[in-house]
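See structure below.
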Amino acid sequence: MSHGFYILSSSPHTHADASVRRLMLDVIIALLPATLCSVYFFGLPAVWLLATCIGTAVLAETLARLAMKRNSTVGDLSAVLTGLLLALNLPPALHPGLAAAGTAFAVLVAKQVFGGIGYNPFNPALAGRAFLLISFTGPMTTWTKSAWNVSAGACGPETTATPLAFIKKGAEGFDWSQAAFLRDLFFGNVNGCLGEVSAFALLVGAAYLLWRKTITWHIPVAFLGTMYVFALAHGGAPALVHVLSGGAVLGACFMATDYVTSPVSASGKLIFGAGCGLLAMLIRTAPGGSYPEGVSFAILIMNAFTPLIARFTRPRPFGAKK
Amino acid sequence: MMTLPSVFRFPGGIHPADHKDPTAALPVVDLPMPGLLVVSMSQHLGSPAKPLVKTGDHVLRGQPIGERCGLISAAVHSPVCGTVRGVEPRKTASGAWVDAVLIEPDAEQNDSILLAPMPEWAHAAPETLCNRLADAGLCGMGGAGFPTSVKWTPPKDAHCDFIVVNGAECEPWLTSDARTMTERASDVRTGVEIMRRALGGPAVRIAVEDNKPEAIRALEAAFADIGGDVALVVLPVRYPGGSEKHQIYATTGRLVPPGALPIAVGCVVENVSTLVAVADAVVRGIPLTHRVVTVSGDGIAEPKNVRAPIGARYADLAAFCGGTKENVRKVLSGGPMMGFTVPDLEIAVTKTTSGILFFTDRQVFQYTASPCISCGRCVRACPMHLDPMSIARVTEADDIPAAEHLGVMNCIECGACSWSCPAWRDITQLCRRAKNSIRARIAAEKAAQAAARKN
């Protein structure tokens, strides 16, 4: 019987089967349906963009850590996720060179400059998208017909407008109740960014994240719920069209729920999600506003409020008086 | 006895694998007489007892060998007849060096000095009962080891409405309380009745987690015809269901304010094994010298529930359980959530040693913490409703006042935050660091005030 010295450590001496890598992997798995849809609808250009963004993200992360003489963090898969998310937020016809530049910005400027995973105040993928949208507005708002070639009405792939651009222009006389249109909107037979077109694929992924307890329901429900209520009150296009169009589902389920840049408490999450939904609708419906879509800016703005929300929604110790 | 549903749900909590199977069904067995006992004078919370014997003395089973030293302290008795081989500092499970009485047991164990049995305890005055507990060296056997006679003497202005009997045993692996409830349910009942007498007849709430059906059945049978307001509350398993504040809330709905003791809301909590020791001390006059220890973990050949004398070294229990395996890396005193690691097997059993766990390299994690990703799992896990990730962050930056502002002093160090952290951060340890800094600062301020008053 060996009576050597045993390891001394502080409690607890057991641990949940959890890791950052596993959490990131879960989000990547949850994005697979939307990723496959993007390839299905947009074909080879989608593959190129996905490969470029993920490859650039991993490369940028590796080089940044090397340059800063820090341990490699590629293994936590957060860079892969940033690349994937950014690609899903790009229009299919974007030049891969621009996609690479946006990804490099996301990983280097929005993430590593602040210290890497855990320290970034803004969602890196959205920061990358905002960088591209402001710097290369033209290419970032040029839409192509998707490979899917069945007509879906005024804003389907037969034209080169997105549903939101169509709404922004007024959409006069359009029959919103057209079943084919709503179906295409739900399943993704419309123009838009790679990953945002199929609400169905995104919701399947979101269900997986909820089942895995990777995310909670608060942010997506508050986000999309606020958009729905706002759209109802605003009139114009039907509320459901607003919720299913553009980056709403992708943003609410996969971008606004980013751990680092969103509040932790349930009440904080509700405030954050509602703020995102409100800002997104304000940008979408602002009279004379130039952006048909506001989801990514809404989330970035709310990212900035996260520390403040956290401060006001801090839990009260168990037993403490109200 | 009534059975009440568990309606009050405390915040947070976690569900670690309970690993109670290896020992849950094993009856308690007695440890064969060890060759030497190392009886620490620090068996309890508070000041160590003062040794009453010296090298060469012969002692009898039940003879006092350490006397109470100050208010928060407890007497220590010899578990065996034997010869004192030394009184010297020895390392305790928590790492401190404290005087211990080394006793070599005699070959014959026929003699004993017991206290007078109190068959008339049902009519005894509360003070008489409390004095007996003090004379018998009782302290809480659930972990903290608070002297029982002190706990059962509420301040003058306080009134006890509820006795909460803690049978949750929420730590994974441990089954000593569960076995004690199963095998000695009638003594638990006697202990409860004595406690009720000592505290002026309050209501009784018995809390057991629902993963102990055998213990629940035994208690139901033993308490079937007890009079008065006594209820069993079966709690759904959730760590830390055995925490004092959480159990009070789960069974009575009362909230203990931050920094206050349970008596502030009219509650006194007592562990089931302690209540069995109370029955022994009062009804039979037997001082507290033995306890049930769960010896388990993948690193031990034959896991057992062992009844061991205080002072038995871990090596003796390990040998009795078939020996340790080659790849043992960690030995724990207590459970895996709040227990201490010990450096070697020379450490001895005390009144609070609920278990000794042998963990192999398969159960010992070597890890490097990565930065916090604010996933909020620790916040959702924290049963005290704190913000562990923020406390950890400010403590890492040595901003102790910020940690205090975040309520770190409420932390019960249950380990739920560290357990759930996907970045494997030592959040609990950072909370301890902040608490220790704050305590040191408060002590320094008090010392400075005292010095100023003198001048």
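By convention in this document, chain letters (A, B, ...) are assigned in the order of the sequence lines, proteins followed by strands, and residues within each chain are numbered from 1. Fair warning: this is a prediction, and the values are worked out from it, not measured in the lab.
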Check your understanding: Can you tell which of B:Ala17, B:Gly407, B:Gly376, B:Ser374 has the highest number of heavy-atom pairs within less than 4.5 Å of chain A?
Key -> B:Ser374
Exercise for review: Identify which part of B:Asp387 has an atom lying under 4.5 Å from any heavy atom of chain A, answering side chain, backbone, both or neither.
Suggested key: both
Point to revise | Student check: side-chain heavy atoms of A:Tyr6 and B:Val328 closer than 4.5 Å | key: yes
Check your understanding: What part of B:Leu332 is in contact with chain A, defined as an atom under 4.5 angstrom from a non-hydrogen atom: side chain, backbone, both or neither?
Key -> side chain
Review point. About how many Å separate CZ of A:Arg314 and NE2 of B:His405, when rounded to the nearest 0.5 Å?
Key: 7.0 Å
Review point. Looking at side-chain heavy atoms only, is the closest gap between B:Trp424 and A:Val20 below 4.5 Å?
Key: no
Practice item. Could you list which of residues 102-122 of chain A have a heavy atom closer than 4.5 Å to any heavy atom of chain B, in residue-number order? Key: A:Ile117, A:Gly118, A:Tyr119
Point to revise | A:Leu23 and B:Ile373, any side-chain heavy atoms less than 4.5 Å apart | key: yes
Practice item. Report the relative orientation of the aromatic rings in A:Phe318 and B:His246; use parallel for angles under 30°, tilted for 30 to 60°, perpendicular for over 60°. Key: parallel
Exercise for review: Quick one: sort the B:Tyr367 and A:His15 rings into parallel, tilted or perpendicular, breaks at 30° and 60°.
Suggested key: tilted
Check your understanding: CZ of B:Arg9: more than 12 outside heavy atoms within 6.0 angstrom?
Key -> no
Study note, to complete from the structure: Honestly, the part of B:Pro172 sitting under 4.5 Å from a heavy atom of chain A is neither
Exercise for review: Go through the structure and list residues passing side-chain hydrogen bond (donor to acceptor under 3.5 Å, both in side chains) with B:Ser418, not counting sequence neighbours.
Suggested key: B:Thr428
**Study point:** With sequence neighbours excluded, residues passing side-chain hydrogen bond (donor to acceptor under 3.5 Å, both in side chains) with A:Thr73
**Key:** A:Glu61
Review point. What are the two closest heavy atoms between B:Arg380 and A:Lys269, and how far apart are they?
Key: NH1-NZ, 4.2 Å
Exercise for review: Could you have a look at A:Ala266, A:Pro263, A:Ala16, A:Gly319 and say which one has the most heavy-atom pairs with chain B under 4.5 angstrom?
Suggested key: A:Ala16
Exercise for review: Name the option with the most non-hydrogen atom pairs under 4.5 Å to chain A; the candidates are B:Cys375, B:Gly415, B:Cys417.
Suggested key: B:Cys375
Check your understanding: So does A:Phe305 have more than 12 non-hydrogen atoms from other groups sitting under 6.0 Å from CZ?
Key -> no
Point to revise | Any residue of residues 7-14 of chain A which, by heavy atoms, sits under 4.5 Å from chain B | key: A:Ile7, A:Leu8, A:Ser9, A:Ser10, A:Ser11, A:Pro12, A:His13, A:Thr14
Check your understanding: In Å, rounded to the nearest 0.5 Å, how long is the span from CZ of A:Arg311 to OG of B:Ser390?
Key -> 11.0 Å
Study note, to complete from the structure: Looking only at B:Val265, B:Val256, B:Val331, B:Leu357, most heavy-atom pairs under 4.5 Å shared with chain A are made by B:Val331
